[in-house]
Amino acid sequence: MKNKIIVSIFSMLLFTGYNVNSQTVKNKNQTKTHAAKSLSTKYDAEIDKLISKMTLEEKIGMLHGNSMFSTGGVKRLGIPELKMADGPIGVREEISRDNWAPAGLTDDFATYYPAGGGLSATWNTDLAYLFGNSVGQELRARDKDMLLSPAINIIRTPLGGRTYEYLTEDPFLNKKIAVPLIVGLQDNDVMACVKHFAANNQETNRDFVDVQIDERTLREIYLPAFRAAVTEAKAYSLMGAYNKFRGEYLCENDYMLNKILRDEWGFKGIVVSDWAAVHTTVKSLKNGLDIEMGTPKPFNEFFLADKLIIAAKAGEISEAEINKHVKRILGVLFQVKAIGGKNRVKGSIATEAHYQDAYKIAAESVVLLKNDNNALPLKLDGVKSIAVIGNNATKKNALGGFGAGVKTKREVTPLEGLTNRLPSSIKINYAEGYLERYDEKNTGKLGDITLNGPVTIDQLDPAKLQEAIEAAKNSDVVIVFAGSNRDYETEASDRRDLKLPFGQAELIKKIVAVNPKTIVVMIAGAPFDIEDISKKTSALVWSWFNGSEGGNALADVLLGKVNPSGKLPWTMPKSINDSPAHATNSFPGDKSVNYTEGILVGYRWFDTKNIMPLYPFGYGLSYTNFTFDNEKTDKKVYGADETIAVSVTVKNAGKVDGKEVVQLYSSKSDSKITRAAQELKGFQKVLITAGNSQTIMIQVPVKELAYYNVAAKKWTVEPGNYTLKLGNSSRDIQKEVVVTIK
């Protein structure tokens, strides 16, 4: 949404086949169950009584923004405004009531949390719950009712401007992270507003592009996380997207908002528009929208403001229809104790405990991509100096780009993290290396693809380059912090290509030439072309826009205090033309875009088409080695309503304690329908001490193996044999077991 971005997520059980409305979270041998709270009907009589006392104008005042981030209340009846805040990486600073300018407060500093890509890279549902719960506490401390988050759209293209904020390319991993996040958030008497419903997978032409997706692809790829948000996490609100779907804007799309969301899934909450995403008055309300939010213009000019009053008085829409939407809004206000609620969570914000929450997520998100000759963790014996090179060593990302950031008092940069963690006897030689420059002609060009502009922005500054080379020459070890930032990866713009900006590829090449003991750390939210860099460096690490404690977490990984356990939540291609939306020449479209690749999104495409990625989905190394053995299922034959229990023994064969993510993919080679070569159906992250083994179990409900039968309009489990593959990435399958479905 304009001037705003959001990220979010949820934590459930250690098994990935979880119970419908509860999450089991294991911490220090304690098991906690977090149950999603359904919207209650116990307030219905009180709500009906309130509505009977309201004027038409008061009712309609609740259906649209009366400030940038709130809707109208009815003071005389004790109905408060519904107060919202952005929150993809933490609770946004207070904004003026009638424009985007900061309110200038001194008490709205917040914790900066890792962005969605980092959270997803943990593959840890416990941390997803922690994320939601921690952010929820901060939201309540700011006296808000709704967090405009999480954003859970599928990553269809590596070039997406919001890839850093969205979760993954996989619908199963998406829902497994999103559900606990939402539950954790809503445990604090606040609403999650899950975005952007739905089929909102590009920034280019996002305000009007008409998305065409076949029904099976829609159901299997783009809707599962939203469905789980509604049916499992019991999300109290969803945000309608900007774009069209099959010819109709999504904030007035009867098929999506009424037939699927409410009739099929039983959604009882409210649908809020993205900012200025509404195009009609009567149609929007009848087709399922509840609240219109927007950009600065007189609030009475919104479609659901004065225009709705006129339409109601002219008999174009009934007051009973208006009452229906008001009742939904009052329902969620009662649910989060904004009305008549006692003992509402008070919350806390920017506390040391919350900074440590951010640290825990960041520490498990870092992905080790390459580590030849055990170059990492850094061995400091005999090391007297370390060169730290790159603008990204000092770049801060809590704010930046076109979208919601966080005003925070703490953002530890990579350079600060190393300074905090290295012995004082080691000298750090810092050099900026490259200048962060942009083509001014294309700055802030909404809904267009980011243009790299003239070559000058990618040219290295001779003085900066020389300074970096000298630092590298005169140091025992070099760490280059490269990648991108939240000014380059931004809402409202998709990237032109996978090229690293600012001349960084050339810089790294020259640094490695003068000091082969060079480690490269990428800080970015989306894939880049790093194949040459991967070949030239002995160690390659991927980090993210990683929150208030990101620099400390990263330093702890580089120095071995933390054993890296992050896994890529998306596929890193060698070439953009290998990615499905680009291989099919179906991105970004013009007035419409057809998802020609169908169900073959992300690794499904690469694995089915036998295209070798640079780094596969689910990939990530460790400072130790894990082996799998004794794979088996509890039975060989299952019925459609049963759950497959898959067990495997994981051994830490190295000398360092570490966490491994066991990933389970299903495959059906003799299927009578078109299928991907394999699909993620379960995962579990487990800590195993050096030299020891642990047998873990992943539960896969047979219904997870279903495909969407378009002709029958229902989910169908095809009988026959299925191969369940166990590995630690989509391309590193170590064990297989075959089961039969009756």
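It should be emphasised that the depicted structure is a prediction, and the values quoted were computed from it without experimental measurement.
Applying the salt bridge (Lys or Arg N to Asp or Glu O under 4.0 Å) rule to Asp254 yields the partners Lys259; only residues at least two apart in sequence or on another chain are considered. Partners of Tyr222 by ring-ring contact (aromatic ring centres under 6.0 Å, His included), not counting sequence neighbours, listed by chain and number: Tyr595. Listed by chain and residue number, nothing satisfies the ring-ring contact (aromatic ring centres under 6.0 Å, His included) test with Tyr112 (two or more places apart in sequence, or in another chain). Under the salt bridge (Lys or Arg N to Asp or Glu O under 4.0 Å) criterion, Asp108 pairs with Lys407, not counting sequence neighbours. Partners of Asn99 by side chain to side chain donor-acceptor pair (under 3.5 Å), not counting sequence neighbours: none found. The salt bridge (Lys or Arg N to Asp or Glu O under 4.0 Å) test applied to Lys83 returns Asp145, not counting sequence neighbours. Taking the side-chain contact (heavy atoms from CB on, under 4.5 Å) definition, one finds that Leu399 meets it with nothing, sequence neighbours left out. Looking at residues two or more places apart in sequence or on another chain, you find a ring-ring contact (aromatic ring centres under 6.0 Å, His included) between Phe617 and Trp123, Tyr603. Not counting sequence neighbours, the partners of Lys464 by the side-chain contact (heavy atoms from CB on, under 4.5 Å) test are Glu432, Leu435, Asp461, Glu467. Residues that satisfy the salt bridge (Lys or Arg N to Asp or Glu O under 4.0 Å) test with Lys283, not counting sequence neighbours, are Glu248, Glu252. For Trp570, the ring-ring contact (aromatic ring centres under 6.0 Å, His included) partners two or more places apart in sequence, or in a different chain, are Trp542, Trp544.
Residue pairs meeting the salt bridge (charged side-chain N to carboxylate O under 4.0 Å, His left out) criterion with at least one partner in residues 571-584, sequence neighbours excluded, are absent.
To the nearest 0.5 Å, atom CG of residue Leu63 and atom OG of residue Ser273 are 11.5 Å apart.
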